[in-house]
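Beneath this line is the structure, given in structure tokens, with notes to follow.
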Amino acid sequence: MTNSLYQELFEKHRLSEKIFLSLQNQHTVTYKEYINSVEKISFFFKEKGLSPGDRVALKLKKSHYFLSIYGACIHRGLIFLPLNHNYTDDELLYFLKDSESKLLITDKETCFQLKNKKLDKTFSIETVELDGSGSISNSSLKNKHYEKKPIERNLNDIAAILYTSGTTGRSKGAMITQENLLSNAKTLREYWCFDCEDNLIHALPIYHTHGLFVATNVILLSSAKMIFLEKFELEAITNNLPYATVLMGVPTYYSRLLESKKLTKLLVKNIRLFISGSAPLTKETNDRFFKATGKRILERYGMTETNMICSNPYKGFRISGKVGFPLPGIDVRIVDQVSGQLLSHGQVGEVQVKGKNVFSGYWKMLSKTADSFTKDNYFKTEDLGKFDNNGYLEIVGRLKDLIISGGFNVYPKEIEDVINSIEGIKENAVIGVPHKDLGESILSIIIKEESIKIDSKKISEILTKKLAKYKCPKGYIFINSFPRNTLGKILKNKLREEYKDYFK
Ligand code: MLC
Ligand code: AMP
């Protein structure tokens with residue numbers, strides 16, 4: 001037994017003076033500096049008495065400290081639990097309680113807000129600020145030892161838990177193993193031809209699979225560099241494009257880039273690869289981008305539970321509107337969702353996946369986990385797709401009631417439950433409809449109680465207190481009755497069709 005993930009991604013960089021991160025403030029972080037901070041934080045965790053398998057939650061704005069804590073968790077065998085820094089207190093408390101986290105690392109503001117909340121006696125909070133101050137700060141770690149030897153871990157051990165919302169409204173913690181991360185990082189490095197000369201523009205959030213595992217792990221494995229931006233800002237991206245070799249993003253990045261007058265063939269001449277994923281990239285955006293830059297965006301497909309599944313080829317023909325071939329070692333099949341029968345090329349069914357990339361289950365949800373796998377151990381993605389005769393997969397829809405807004409997943413049920421709890425609401429449905437910038441955006445359709453006065457402003461105010469901003473509807477419509485099927489179920493397809501031009 002060793003700690004393969006730590007050895008292959010982190011340990012080899014201990015003495016490297018090479019730059020790992022170029023930060024927005026012109027500062028850089030070398031690999032050696034990075035691993036030093038990882039080892040110091042690991043020592044700090046040891047002093048705190050954390051044991052392998054304990055959950056360490058993180059709710060921090062994007063910074064290089066976040067990545068150090070990630071490395072330190074892998075080093076000490078702790079389960080890394082990254083959370084969106086925009087979560088409200090209610091959301092945060094749910095994740096902390098459900099995961100039975102031993103430690104939360106956050107900013108002073110969140111720490112203050114949690115002061116009076118009832119949490120387990122063994123739970124503690126540490127702080128890190130963007131300027132490097134806080135209880136896990138540069139100065140408090142200064143005299144700490146470097147904890148060199150990583151804790152031994154098995155490939156089946158859980159390295160991280162990523163919460164994904166669910167169709168039932170309750171978020172599920174996807175347990176991601178060392179092997180899931182290592183196998184996927186190795187596959188992607190090979191498939192996308194990453195090497196130590198690469199310089200990736202990293203503008204993605206780092207609490208999701210995309211920004212954390214796909215981007216960061218591939219760079220660590222390849223000993224490459226990242227231009228580490230706090231978030232997606234058009235100006236910062238266009239300023240950095242001449243110095244980078246790869247950009248990874250969600251489709252909104254590419255539609256926004258197309259709005260920039262600065263986007264020319266010359267600007268992107270050093271970029272060897274533009275990658276898009278997490279949401280459907282329209283054929284129109286891909287083709288327009290090709291026309292503007294001479295470079296064809298490579299679209300890939302993945303999920304929190306499975307890491308990356310399919311990709312268009314690096315060297316071969318990239319087809320816009322399709323997500324490419326199953327990655328090496330990953331088995332993808334299309335199955336009739338009712339009969340369970342295997343379907344052939346051209347037929348639409350559920351995409352099912354098997355391989356070392358597939359997670360080990362949902363945290364403390366045995367029956368949900370069992371329901372999510374077939375008897376022969378394929379994971380049911382609840383995405384609808386079909387293979388063409390050349391073996392390219394196309395995602396054509398979803399079985400799950402899910403909205404993907406700017407690459408963020410939003411499950412309508414979670415929002416509907418909150419809206420339903422508001423006095424004066426009789427019934428409501430939340431749907432996703434086309435949005436030029438975000439791909440899809442959230443629309444709330446409501447039937448009000450006649451006797452109580454309530455308007456969209458009031459509803460919006462209540463929602464913002466309970467839900468992270470990206471989950472809050474961008475529009476409200478009040479109606480008198482819903483279209484329904486014979487069982488009385490609201491026909492969301494009809495609503496989506498009726499309001500498809502709402503944000504146009
Ligand atoms: C921010 N806001 C959003 C939003 N992002 N609202 C809806 N959908 C979104 N995606 C809200 C903010 O709360 C804020 O509200 C306002 O919009 C502006 O905030 P901002 O921070 O300035 O947003 P912006 O820069 O415009 O961000 C949009 C974005 C960003 C698309 C650049 O959301 C983004 O980086 N998305 C990437 C998500 C991602 O990495 N997904 C990977 C999931 S992993 P207000 O009211 O205050 O103005 C996965 C697996 C896989 O899916 O296959 O990869
Ligand atoms: P998440 O739960 O955040 O990991 O999101 C995973 C979901 O995002 C998948 O199940 C798909 O529905 C969607 N997705 C990811 N990549 C793509 C893509 N390239 N095209 C279409 N949908 C995608």
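In each ligand, atom 1 is the first atom listed, and ligand 1 is the first ligand listed. No experiment lies behind these values; they were computed from the predicted model shown.
Interface of Val250 with ligand 1, defined as ligand atoms under 4.0 Å from a residue heavy atom, comprises 37 (C), 39 (C). Shown in contact with Leu204 at under 4.0 Å from a heavy atom are these atoms of ligand 1, numbered in order with element: 40 (O). Here is the list of ligand 1 atoms found below 4.0 Å of a heavy atom in Tyr253: 32 (C), 35 (O). Every atom of ligand 1 is numbered from 1 in the order shown, and the set under 4.0 Å from a heavy atom of Phe232 is 25 (O), 32 (C). Per-residue contacts place Lys231 under 4.0 angstrom from the following atoms of ligand 1 (heavy atoms of the residue considered): 20 (P), 21 (O), 22 (O), 25 (O).
Here the side chain of Asn180 pairs no donor or acceptor atom with the backbone of Ile176 at under 3.5 angstrom. Between the side chain of Lys413 and the main chain of Leu402, no donor-acceptor pair closer than 3.5 Å is present.
Put simply, the residue from Tyr392, Tyr301, Phe387, Phe317 that forms a ring-ring contact (aromatic ring centres under 6.0 Å, His included) with Phe325 is Tyr392. Of the residues listed (Ile237, Leu241, Asn239), the one engaging Lys262 in a side-chain contact (heavy atoms from CB on, under 4.5 Å) is Asn239, and it is the only one. Checking Leu467, Ile419, Ile422 one by one against Ile462, the side-chain contact (heavy atoms from CB on, under 4.5 Å) holds for a single residue, Ile422.
At least one N/O-N/O distance between Gly302 and ligand 1 falls below 3.5 Å. Considering backbone and side-chain atoms alike, Gly407 places an N or O below 3.5 Å from some N or O of ligand 1. Considering backbone and side-chain atoms alike, Thr304 places every N or O at 3.5 Å or more from each N or O of ligand 1.
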Practice task
Start with the C-alpha distance between Tyr207 and Asn86, add both sets of side-chain angles, then the distance that settles side chain to side chain donor-acceptor pair (under 3.5 Å), and finish with yes or no.
Solution key: CA-CA 11 Å; Tyr207 40 76; Asn86 287 314; 4.9 Å; no
Exercise for the section: Show the numbers, then the answer: is there a ring pair (Phe, Tyr, Trp, His ring centres under 6.0 Å) between His208 and Phe408? Expected result: CA-CA 9 Å; His208 284 139; Phe408 280 126; 5.2 Å; yes
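Looking from atom 3 (C) of ligand 1 to the surrounding protein, the closest heavy atom is Tyr470 CB, 3.8 Å. Remark: minimum distance from atom 5 (N) of ligand 1 to any protein heavy atom is reached at Phe408 CE1, 3.7 Å. Among protein heavy atoms, atom 40 (O) of ligand 1 sits closest to Pro205 CD, 3.3 Å. Among protein heavy atoms, atom 39 (C) of ligand 1 sits closest to His208 ND1, 3.5 Å.
A distance of 6.0 Å or more separates the ring centres of Phe194 and Tyr314. Two rings, from Phe373 and Phe359, have their centers less than 6.0 Å apart.
Using a 30° and 60° split on the angle between ring planes, Phe289 and Tyr254 fall in the perpendicular class, above 60°.
Looking at Ala203, Gly406, Pro473, it is Gly406 that brings a heavy atom closest to atom 37 (C) of ligand 1. Comparing Arg300, Lys469, His210, Glu440 against atom 53 (O) of ligand 1, the shortest heavy-atom distance belongs to Arg300. When the heavy-atom distances from atom 49 (C) of ligand 1 to Ser405, Gly277, Ser278, Ser460 are ranked, the shortest goes to Ser278.
For atom 18 (C) of ligand 1, the nearest protein heavy atom is 4.0 Å or more away. There is a protein heavy atom closer than 4.0 angstrom to atom 10 (N) of ligand 1. Proximity of atom 32 (C) of ligand 1 to the protein is indicated by at least one non-hydrogen atom lying closer than 4.0 angstrom. In this structure, atom 29 (C) of ligand 1 is not in close contact with the protein, since no protein heavy atom lies within 4.0 Å of it.
Lys108 and Thr127 share no side-chain donor-acceptor pair at under 3.5 Å. Asn357 and Thr306 share no side-chain donor-acceptor pair at under 3.5 Å. With no hydrogens or angles considered, a side-chain donor-acceptor pair links Ser344 and Gln347 at under 3.5 Å.
In this structure, Lys474 has a heavy atom closer than 4.0 Å to ligand 1. Using a 4.0 Å cutoff on heavy atoms, Arg256 counts as a contact of ligand 1.
Closer than 4.0 angstrom to ligand 2 sit non-hydrogen atoms from Ser278, Ala279, Pro280, Glu299, Arg300, Tyr301, Gly302, Met303, Thr304, Val323, Asp383, Arg398, Lys400, Ile404, Asn409.
At a threshold of 4.0 Å, the pair Asp107-Lys59 does not count as salt-bridged, since none of the basic side-chain nitrogens sits closer than that to a carboxylate oxygen. Salt bridge Glu230/Lys61: absent, no basic N to carboxylate O contact under 4.0 Å.
If you look at Leu438 next to ligand 1, the close heavy atoms, those under 4.0 Å, all belong to the side chain. Contacts between Tyr301 and ligand 1, counted as non-hydrogen atom pairs separated by less than 4.0 Å, are absent for every part of the residue.
A cation-pi arrangement is not found for Arg296 relative to Phe274, the charged atom failing to lie both closer than 6.0 Å to the ring centre and inside a 45° cone about the ring normal. Within the cation-pi definition used here (under 6.0 Å to the ring centroid, within 45° of the axis), Arg300 does not qualify as a partner of Tyr191.
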